Amino acid sequence: MKVLADLYEGVESVTPYGGRAVSWEPVGPVWLKPGPRRRREIREPGGARTIETMTAESRSDPRLSVERVLRFGGADWRIRATETVGGRAILGLERSA
């Protein structure tokens with residue numbers, strides 16, 4: 001099953017108080033074929049957090065780069081890895097659950 005996702009890029013700016021803010025600018029739509037979701041728990045000094053990962057497939061597209069965000073199914077998925085195989089992009093996606 002394919003889904004239509006919106007692709008976003010984080011744009012960092014300096015606030016008037018000297019801090020940094022990230023706003024998410026739309027890059028465009030992308031058709032994806034998402035794979036199954038996997039959950040894992042990461043233990044950190046402040047406690048544990050749950051990470052969800054997924055592999056998705058799309059047509060090869062130079063806009064699909066690491067650290068951009070795909071929004072579909074009511075969730076934001078960060079692109080952590082990309083690989084191009086025969087005109088197809090294989091994406092490693094991750095989100096905090």
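Note that the coordinates shown come from a computational prediction; the quantities given were computed from them, not determined experimentally.
Partners of Ala75 by side chain to side chain contact (heavy atoms under 4.5 Å, CB included), not counting sequence neighbours, listed by chain and number: Trp77, Arg95. With sequence neighbours excluded, no residue forms a side-chain hydrogen bond (donor to acceptor under 3.5 Å, both in side chains) with Arg40. Applying the side chain to side chain contact (heavy atoms under 4.5 Å, CB included) test to Thr15 and every residue at least two apart in sequence or in another chain returns Tyr17, Ala21. With sequence neighbours excluded, no residue forms a salt bridge (charged side-chain N to carboxylate O under 4.0 Å, His left out) with Arg38. Under the side chain to side chain contact (heavy atoms under 4.5 Å, CB included) criterion, Ser96 pairs with Arg49, Ile51, not counting sequence neighbours. The side chain to side chain contact (heavy atoms under 4.5 Å, CB included) check on Trp24 picks up Tyr8, Val22, Val69, Arg78, with sequence neighbours excluded. Asp76 meets the salt bridge (charged side-chain N to carboxylate O under 4.0 Å, His left out) test with Arg71; sequence neighbours excluded.
The list of salt bridge (Lys or Arg N to Asp or Glu O under 4.0 Å) pairs with a residue in residues 20-32, not counting sequence neighbours, reads Glu12-Arg20.
The existence of a salt bridge linking Asp61 and Arg59 is excluded, since no basic side-chain nitrogen approaches an acidic carboxylate oxygen closer than 4.0 Å.
Nearest approach of Pro34 to Ala56, heavy atoms of both residues: CA-CB, 4.0 Å. Heavy atoms only, all atoms of each residue included: Ala5 and Leu32 are closest at CB-CD1, 3.8 Å. Of all heavy-atom pairs spanning Arg43 and Ala48, the tightest one is NH1-CB, 3.9 Å.
Note: the hydrophobic cluster containing Leu7 also contains Val3 (ILVMFWY, side chain heavy atoms under 4.5 Å, direct or indirect links). A single hydrophobic cluster is not seen to contain both Leu4 and Met1; linkage of ILVMFWY side chains at heavy-atom distances under 4.5 Å, directly or through other members, places them apart.
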Considering only distance and modelled atom types, tabulate donor-acceptor pairs under 3.5 Å from the side chains of residues 82-94, sequence neighbours left out.
{"from": "Arg88", "atom 1": "NE", "to": "Glu57", "atom 2": "OE2", "distance (Å)": "3.1"}
{"from": "Glu94", "atom 1": "OE2", "to": "Arg80", "atom 2": "NE", "distance (Å)": "3.3"}

